[in-house]
Amino acid sequence: MRIVSGIQPTGNLHLGNYLGAIRNWVRMQDDATAQGGDCLFFLADLHAISMPHVPAELTANTRAMTAALVACGIAPDRSTLFNQARVPAHAELQWLLNGTARLGWLNRMTQFKDKSGKNRESASAALYTYPVLQAADVLLYQATHVPVGEDQKQHLELARDIAQKFNNDYASEEAPVFTLPEPIIPADAARIMSLRDGSAKMSKSDPSDMSRINLTDDADAMMQKVKKAKTDPEPLPSEAAGLEGRAEARNLVGIYATLADVGVDAVLRDFGGRGFGAFKPALGELLVEKLAPINARFVALKDDVAALDAILERGAAKARALAKPTLDATYHVLGLCR
Ligand code: TYM
């Protein structure tokens, strides 16, 4: 079992990242390392330059996101934690896989369409080939499982298509170069939505900070954001079916259920028939209870630049060694002399 996943170090870690991905990283780390499997988690700083960015902020965010991941429970002595830029094999493998990825496949990627918007001609080439780098990220390490939120599913399917075509074109069935990775998407928290709009996902790029809970928000800010969250005037239903067509209500109940580690039906057994005036304070308190310890660990770590850089350097050294056999094999089967 080899678990690999990444996160872009742009802005703060928010509740969508945490419930959709990072909480699963920590759980899988704990299970996998107990069974002798290994885990690699990285800051996707090379992906971050696909959009306009401020260099000094990228450096600071890379360290801040490292502190946030450790605060969430990623243990650098059990998992390999690093940033892509320190492991050149990611960029090298991307180039090698560009020969296999098809334009038609990249043209179907919804993230490129969303992020490039109406002004596609001025989008960066990196934004277009972004999914090939993401494929390289996981194929480089022979990842078997990739814990992500729903929005990354299409990119993981592309990684499988690239691996399959590459294996068919350049390797034998008995000795494939790449393992086909399996996306692991949480059942209830696959897509945490904005607090201001139940049809948009919670995202770092939303201009309104009120749309998301950041893991760095203090208790007052969390309570305030939940209080101001968009809802409807109806009381909560007693069964999950009653949330149909009520995107905002469904999102808040889903967040509660995931944080409390119970099903949506259990939440509605307690709150069915009651209004948001009763539900929102309970949700706010639950958020504060679950996130305050993470926040406290984050605050204690975030300014220790030397310790954070040491974690990333140590992780990168391990990652470079783990990447080498697959990178070498890829050059070799392509007939490239080095
Ligand atoms: P990123 O940085 O946008 O998000 C990191 C992780 O958080 C999940 N996520 C969500 N889950 C549920 N609800 C939401 N509202 C929500 N918002 C974000 C994402 O699905 C993701 O799992 N391209 C990736 C980073 C990446 C990567 C990889 C991931 C680069 N290489 C290789 C896996 C494997 C990204 O931008 O995630």
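Ligands are counted one by one from 1 in listed order, and the atoms in each one are counted from 1 as well. Values reported hereafter were calculated over all heavy atoms of this structure, with side chains retained and with hydrogens, waters and symmetry mates removed.
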Does either side chain, that of [X] or that of [Y], offer a donor lying less than 3.5 Å from an acceptor on the other one?
| X | Y | value |
| --- | --- | --- |
| Q134 | H47 | no |
| Y141 | H90 | yes |
| D217 | N12 | no |
| D137 | Q84 | yes |
| N107 | Y128 | yes |
| D197 | S199 | yes |

I'd like to know whether NE2 of H332 has more than 12 heavy-atom contacts from other residues, nucleotides or ligands below 6.0 angstrom.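 At most 12 heavy atoms, drawn from other residues, nucleotides or ligands, come within 6.0 Å of this atom.
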Other residues, nucleotides and ligands only: do more than 12 of their heavy atoms fall within 6.0 Å of CD on E157?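 More than 12 within 6.0 Å, yes.
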So for Q84, does at least one of its heavy atoms come nearer than 4.0 angstrom to any atom of ligand 1?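 Q84: no contact with ligand 1 (<4.0 Å).
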Give a yes/no on ligand 1: does M193 have at least one heavy atom closer than 4.0 angstrom to it?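 No, M193 has no heavy atoms under 4.0 Å from ligand 1.
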Subset of ligand 1 atoms that lie under 4.0 Å from at least one heavy atom of [X]:
| X | answer |
| --- | --- |
| H47 | 30 (C), 31 (N) |
| Y130 | 23 (N), 24 (C), 35 (C), 36 (O) |
| G20 | 11 (N), 12 (C) |
| A21 | 6 (C), 7 (O), 22 (O) |
| H14 | 17 (N) |
| V146 | 33 (C), 34 (C) |
| A44 | 30 (C) |
| F42 | 28 (C), 31 (N), 32 (C) |

Say whether [X], considering both its backbone and side-chain N or O atoms, lies within less than 3.5 Å of an N or O atom on ligand 1.
| X | result |
| --- | --- |
| D137 | yes |
| V138 | no |
| H155 | no |
| Q8 | yes |

Tell me, which protein residue and heavy-atom name are nearest [atom], and how many Å apart are they?
| atom | result |
| --- | --- |
| atom 32 (C) of ligand 1 | Q134 CG, 3.5 Å |
| atom 11 (N) of ligand 1 | G16 O, 3.2 Å |
| atom 13 (N) of ligand 1 | I192 N, 2.8 Å |
| atom 29 (C) of ligand 1 | G6 O, 3.4 Å |

Ion pair E182/R160, N-O distance below 4.0 Å: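 Between R160 and E182 there is a salt bridge, with a charged N closer than 4.0 Å to a carboxylate O.
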What is the minimum heavy-atom distance between Q29 and C39, and which atoms define it?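 Closest approach of Q29 to C39, heavy atoms only: CA-SG, 3.6 Å.
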Taking [atom] as the point of reference, which of [options] owns the nearest heavy atom?
| atom | options | answer |
| --- | --- | --- |
| atom 24 (C) of ligand 1 | Q111, M202, Q152, H90 | Q152 |
| atom 7 (O) of ligand 1 | N17, I184, L19 | N17 |
| atom 20 (O) of ligand 1 | T258, D151, I185, V148 | D151 |
| atom 12 (C) of ligand 1 | A190, S205, G149, S194 | A190 |

Please say yes or no: joined through hydrophobic side-chain contacts below 4.5 Å, possibly via intermediate residues, are W25 and I185 part of one cluster?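 Result: no, two separate clusters.
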Fit a plane to each ring of Y256 and F279, take the angle between them on a 0 to 90° scale, and name the class: parallel (under 30°), tilted (30 to 60°) or perpendicular (over 60°).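 The arrangement is tilted - the two ring planes meet at 30° to 60°.
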Of the options M51, H53, K204, which is the one that meets T10 in a side-chain contact (heavy atoms from CB on, under 4.5 Å)?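 Testing each of M51, H53, K204 against T10, the sole residue satisfying side-chain contact (heavy atoms from CB on, under 4.5 Å) is K204.
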